[in-house]
Amino acid sequence: MENVKAKVIIITGASSGIGEATARLLAKNGAKVVLAARRVERLQVIANEIKQEGGDAIYIATDVTSAGSMQELAQFALTHYGRIDVLVNNAGVMLNTHLNELNVQDWDQMIDVNIKGVLYGIAAVLPTMRAQKAGHVINLSSVAGHHVSPSSAVYSATKFAVRAISEGLRQEESPASNIRTTIISPGLTDTDLIPTEISNPEIKALVEQLKGMAISPYSIARAIAYAVNEPADAAVNEMIIRPTLLP
Ligand code: NDP
């Protein structure tokens with residue numbers, strides 16, 4: 001992974017699941033990783049383990065729903081490493097319920113983390129990447145960003161939005177500023193995303209049924225690493241990674 005080496009890569013939601021796997025894999029391949037999430041004690045453990053294995057990692061408590069916190073994250077990366085090569089907008093929440101349950105707070109949270117978090121991430125790094133005349137923004141969408149199913153309307157809406165924002169960024173910034181964009185759309189992946197306490201029995205039964213078929217977060221991390229490692233003149237704009245046996 002020659003083109004991953006020495007790149008400065010910010011990863012949001014690096015305290016578990018896909019973000020953690022991505023941080024570990026990229027660091028193993030020589031990237032300088034900047035870990036961001038709210039659970040700072042988990043970030044500390046992960047960063048220490050990366051360093052013990054000879055990698056380069058720093059971490060900072062970050063709430064992606066705060067534009068100010070995202071600005072601090074970008075500044076932290078710049079202060080330590082002097083540039084920002086890649087932002088992985090990975091932090092996300094999935095709080096699936098049927099619309100008629102009217103869980104308005106959950107809708108707000110998904111919109112705040114999954115959409116506004118991605119936008120605040122772009123706002124935090126874009127001036128630096130434009131000045132560098134190089135950069136790469138990788139946004140986590142989902143197969144739910146390609147089709148809607150019962151109970152996923154709001155989550156799906158946020159992940160459709162991620163794809164729209166990414167495509168807009170590509171059109172505006174790719175030729176103008178040499179900034180690459182990548183949309184990563186995972187299918188069912190074995191992480192903490194699916195809440196263990198699901199009140200709706202119908203949704204709970206479906207989740208239990210599917211759980212055993214989930215793929216490893218490293219399958220998604222490898223897709224991200226592939227996009228990062230491609231030579232600068234090739235932009236991997238979108239990838240879907242699903243469990244083989246799921247329709
Ligand atoms: P996890 O629950 O394991 O990880 C989610 C991460 O998001 C955590 O590190 C969490 O950190 C972080 N996060 C949540 N809210 C905030 C916040 N306000 N500020 C900062 N960080 C936050 O799930 P996954 O690894 O599965 O999820 C990663 C991405 O992949 C998400 O965008 C998800 O939608 C997407 N995805 C996952 C799929 C799956 O099947 N697992 C399928 C399709 C897409 P902390 O709580 O410490 O802040």
Side-chain angles (χ1 to χ4, degrees), residues 10-25 33-47 59-74 76 87-96 105-106 108-121 124 137-149 152 154-163 165-166 182-197 206-207 210-221 223-224 238-243 246:
I10 298 175
I11 303 153
T12 68
S15 58
S16 61
I18 292 168
E20 175 183 347
T22 301
R24 289 183 188 277
L25 182 67
V33 291
V34 184
L35 315 184
R38 292 165 305 173
R39 286 171 295 171
V40 74
E41 67 293 341
R42 291 188 66 134
L43 297 181
Q44 186 179 23
V45 170
I46 295 163
Y59 65 92
I60 181 169
T62 305
D63 184 344
V64 301
T65 67
S66 155
S69 182
M70 291 303 281
Q71 293 289 341
E72 281 170 25
L73 166 62
F76 178 70
L87 167 66
V88 185
N89 270 321
N90 164 77
V93 289
M94 184 181 76
L95 307 165
N96 283 6
Q105 281 182 339
D106 289 352
D108 282 342
Q109 201 191 335
M110 284 189 279
I111 289 165
D112 286 348
V113 176
N114 300 359
I115 302 180
K116 288 189 187 170
V118 167
L119 287 169
Y120 294 159
V137 177
I138 300 177
N139 294 329
L140 270 285
S141 178
S142 170
V143 294
H146 291 259
H147 61 82
V148 184
S149 49
S152 83
V154 179
Y155 179 71
S156 275
T158 66
K159 293 304 187 177
F160 272 75
V162 168
R163 292 181 57 234
I165 292 162
S166 308
T182 302
I183 302 162
I184 299 285
S185 292
L188 189 66
T189 307
D190 187 12
T191 70
D192 299 339
L193 187 74
I194 302 160
T196 42
E197 298 198 0
L206 182 68
V207 166
L210 294 175
K211 238 181 194 170
M213 304 179 98
I215 50 177
S216 159
Y218 280 93
S219 295
I220 314 305
I224 293 170
E238 182 151 21
M239 278 196 267
I240 301 177
I241 308 99
R242 291 189 179 94
L246 278 181

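When a ligand or atom number is given, it counts from 1 through the structure's own listing order. Both backbone and side-chain heavy atoms feed into the values below; hydrogens, waters and symmetry mates do not.
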inquiry  = Students should be able to answer this: which protein heavy-atom is nearest to atom 30 (O) of ligand 1, and at what distance?
reply    = I18 CD1, 3.5 Å
ask   = Which protein non-hydrogen atom lies closest to atom 44 (C) of ligand 1, naming both residue and atom, and how far is it?
value = S141 O, 3.2 Å
task = Starting from atom 17 (C) of ligand 1, locate the nearest protein heavy atom and write down its residue, its atom name and how far away it is, to 0.1 Å.
result = R38 NE, 3.5 Å
inquiry  = So if I count the atoms of ligand 1 from 1 in the order they appear, which ones are less than 4.0 Å from some heavy atom of T62?
reply    = 19 (N), 20 (C)
message = Please check: side-chain N/O of S166 versus main-chain N/O of V162, any donor-acceptor pairing under 3.5 Å?
response = yes
request  = Between S185, G92, S69, A14, flag the one that comes closest to atom 7 (O) of ligand 1 by a heavy atom.
outcome  = G92
remark   = Among S15, A21, G17, G187, closest by heavy atom to atom 9 (O) of ligand 1 is S15
query = Would you find more than 12 non-hydrogen atoms of other residues, nucleotides or ligands less than 6.0 Å from E41 atom CD?
reply = yes
task = For D63, take its heavy atoms, then give the atoms of ligand 1 lying under 4.0 Å from any of them.
result = 17 (C), 18 (N), 19 (N)
Nearest protein heavy atom with distance in Å, relative to atom 33 (C) of ligand 1 = Y155 OH, 3.6 Å
query = Just by modelled atom types, is the R163 backbone N or O under 3.5 Å from a matching donor or acceptor in the S141 side chain?
reply = no
ask   = Do any N or O atoms from the side chain of N90 and from the backbone of I11 form a donor-acceptor pair under 3.5 angstrom?
value = no
note = For atom 21 (N) of ligand 1, the closest protein heavy atom turns out to be A91 CB, 3.6 Å
inquiry  = Tell me if a side-chain donor or acceptor on T62 pairs with a main-chain N or O of I60 at a distance below 3.5 Å.
reply    = yes
query = Where on K159 is there a heavy atom closer than 4.0 Å to ligand 1, on the side chain, on the backbone, on both, or on neither?
reply = side chain
remark   = dist M94:CE -> D192:CG (nearest 0.5 Å) comes out at 11.5 Å
Minimum-distance protein heavy atom relative to atom 27 (O) of ligand 1 = L193 CD1, 4.0 Å
query = Can you list the atoms of ligand 1 that are under 4.0 Å from a heavy atom of L188?
reply = 40 (O)
task = For A23 and L35, work out which heavy atoms get closest and say how close.
result = CB-CD2, 3.4 Å
query = If you round to the nearest 0.5 Å, how far is CE of M70 from CD1 of I10?
reply = 7.5 Å
request  = Give yes or no for whether the N/O distance cutoff of 3.5 Å, strictly under, is met between T65 and ligand 1.
outcome  = no
inquiry  = Tell me if a side-chain donor or acceptor on S156 pairs with a main-chain N or O of A144 at a distance below 3.5 Å.
reply    = yes
query = For G19, is at least one N or O under 3.5 Å away from an N or O on ligand 1?
reply = no
note = for atom 8 (C) of ligand 1, nearest protein heavy atom and its distance come out as S16 OG, 3.5 Å
remark   = Judged by heavy atoms only, the candidate from I220, T191, N139, N114 nearest atom 41 (N) of ligand 1 is T191
Under 3.5 Å: donor-acceptor pair, side chain of K116, backbone of V64 = no
message = Any side-chain to backbone donor/acceptor pair from T189 onto G187? Under 3.5 Å, distance only.
response = yes
task = Write out the residue and atom name of the closest protein heavy atom to atom 19 (N) of ligand 1, then the distance separating them to 0.1 Å.
result = V64 N, 2.9 Å
